[in-house]
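Just so it is clear, the values below take in all heavy atoms, side chains as well, and ignore hydrogens, waters and symmetry mates.
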Amino acid sequence: MSGLPKNSSAPSPDGQDRAARKPASEKRYVGRAAAIGLTRQRVVEAAIALIDDEGLAGFSVRALARRLNVYPAALYWHVGGDKTNLLAEISGSLIASLMRPEDLPDDWRDTIRILFRRFRASVHQHPRAAPLLGPHIRSNGAPNAPWVEVILKALTQAGFEGQPLIDAFNAVVGALEGYITMELAADGATEGSEWVQAFDAGLDTLEASRFPLVRQHLPQMYNRSFVMRWKSGDVAPLTEGYDFLVETLILGLEAQVRSKPSSA
């Protein structure tokens with residue numbers, strides 16, 4: 001008989017208990033996090049608050065750890081092994097609870113409208129986090145399942161199936177994320193700053209003979225359209241264009257269903 005108490009764990013091959021082999025610093029990280037009630041949700045909420053305050057340029061795992069008064073390793077304990085996992089959690093949390101499959105309206109068109117409206121409203125609450133949506137939402141699969149299910153159900157109701165269903169899904173998600181990311185991408189330069197003066201001067205030098213339509217429509221486009229602006233969408237929202245996009249997308253989906261035979 002080994003002489004060990006009945007409920008004791010056998011030693012590891014190198015004669016050390018697994019817990020005893022953990023670095024002391026790692027045990028302090030986990031202990032400190034548990035003592036203050038650190039959770040995945042709290043980490044993500046604090047990360048979004050940090051981005052709201054400092055922007056992505058001022059965001060880092062170390063800065064987040066300082067804000068929560070823990071070691072950086074404690075954050076990774078809750079949200080994965082590296083910064084990419086943390087950024088994916090942040091992007092996923094912005095849109096995780098937009099709609100539930102059981103709450104869908106009867107008309108798939110209304111589902112698309114509601115989803116787009118809620119998505120934009122949610123991201124506009126945290127405009128500095130918008131650039132995370134494109135590159136990081138792709139790596140956050142399972143947490144996105146509720147709204148992915150919503151889109152697939154709406155498109156199935158519309159009449160899509162097989163590969164056209166997946167193509168339609170990609171078109172919807174591309175429109176959903178792309179517009180908001182671009183709308184909130186402008187740096188939001190300061191009125192009267194040297195950069196804005198240079199921006200305006202460049203537009204003033206455009207020759208009407210070469211760019212007649214740009215010169216004609218510039219007064220309506222200035223800070224109210226993509227490209228021809230320096231204000232960010234959080235202070236100069238492009239709402240009309242977004243609504244136009246949604247209705248155009250719906251019409252396009254309807255046309256695709258009518259023109260293409262279903263495929264298994």
Side-chain angles (χ1 to χ4, degrees), residues 22 25-103 114-152 172-174 176-188 232-235 237:
K22 288 184 178 181
S25 58
E26 182 179 339
K27 289 185 285 187
R28 288 200 304 271
Y29 301 155
V30 178
R32 167 64 181 162
I36 65 172
L38 196 64
T39 63
R40 179 187 298 254
Q41 180 178 354
R42 186 175 176 190
V43 170
V44 172
E45 289 175 350
I48 293 174
L50 177 59
I51 294 172
D52 287 344
D53 294 340
E54 306 294 337
L56 287 175
F59 176 82
S60 69
V61 174
R62 289 187 177 275
L64 178 58
R66 286 195 299 269
R67 176 169 288 216
L68 289 168
N69 195 26
V70 298
Y71 289 103
L75 304 181
Y76 293 136
W77 181 269
H78 288 84
V79 296
D82 55 35
K83 186 177 180 179
T84 300
N85 294 105
L86 175 57
L87 294 177
E89 289 290 338
I90 295 170
S91 67
S93 70
L94 296 176
I95 55 178
S97 303
L98 296 177
M99 292 181 72
R100 298 180 301 176
E102 58 267 30
D103 295 335
I114 293 171
L115 181 69
F116 270 71
R117 184 171 65 247
R118 291 183 181 177
F119 181 91
R120 183 167 178 266
S122 178
V123 179
H124 265 257
Q125 292 179 6
H126 307 284
R128 288 181 157 186
L132 293 176
L133 293 175
H136 293 287
I137 198 170
R138 70 175 186 271
S139 59
N140 198 35
N144 292 315
W147 63 265
V148 170
E149 182 74 14
V150 165
I151 295 176
L152 290 175
V172 170
V173 174
L176 188 69
E177 295 180 23
Y179 191 102
I180 305 300
T181 303
M182 290 183 64
E183 182 185 19
L184 298 173
D187 291 333
S232 177
D234 59 331
V235 295

Contacts of Ile114 meeting side chain to side chain contact (heavy atoms under 4.5 Å, CB included) (sequence neighbours excluded), chain-then-number -> Met99, Pro105, Arg117, Arg118
Nearest 0.5 Å please: distance from the CG atom of Leu86 over to the CG atom of Leu75.
7.0 Å
Which atom pair, heavy atoms only, marks the closest approach of Ser93 to Val44?
OG-CG1, 3.4 Å
Looking only at heavy atoms, which two atoms of His124 and Gly233 are closest? And how far apart?
CE1-O, 3.3 Å
For a quick test of your reading: what N or O donor-acceptor pairs under 3.5 Å do the side chains of residues 48-63 make, sequence neighbours left out?
{"unit_1": "Asp52", "atom_1": "OD1", "unit_2": "His126", "atom_2": "ND1", "d": "3.2"}
{"unit_1": "Asp52", "atom_1": "OD2", "unit_2": "His126", "atom_2": "ND1", "d": "2.8"}
{"unit_1": "Asp53", "atom_1": "OD2", "unit_2": "Arg67", "atom_2": "NH1", "d": "3.2"}
{"unit_1": "Asp53", "atom_1": "OD2", "unit_2": "Arg67", "atom_2": "NH2", "d": "3.0"}
{"unit_1": "Ser60", "atom_1": "OG", "unit_2": "Ala63", "atom_2": "N", "d": "3.0"}

Please report the shortest heavy-atom distance between Thr181 and Ala130, naming the atom on each side.
OG1-O, 4.0 Å
Please name all residues satisfying side chain to side chain contact (heavy atoms under 4.5 Å, CB included) with Pro127, sequence neighbours left out, ordered by chain then number.
Leu184, Asp234
Qualifying residues under side chain to side chain contact (heavy atoms under 4.5 Å, CB included), relative to Gln41, sequence neighbours excluded:
Thr39, Glu45
Where Ala47 and Ile90 come nearest, the two heavy atoms and their spacing
CB-CD1, 3.5 Å
Within the structure provided, determine whether Leu152 and Val148 are in side-chain contact (heavy-atom separation under 4.5 Å).
yes
Verify, without hydrogens or angle tests, whether Ser122 (side chain) and Phe119 (backbone) share a donor-acceptor contact under 3.5 angstrom.
no
Which residues satisfy the salt bridge (Lys or Arg N to Asp or Glu O under 4.0 Å) test with Arg128, sequence neighbours excluded?
none
Less than 4.5 Å apart, any side-chain heavy atom of Trp77 and any of Val43?
no
Inter-residue atom distance Ile151.CD1 - Phe116.CZ, 0.5 Å rounding:
7.0 Å
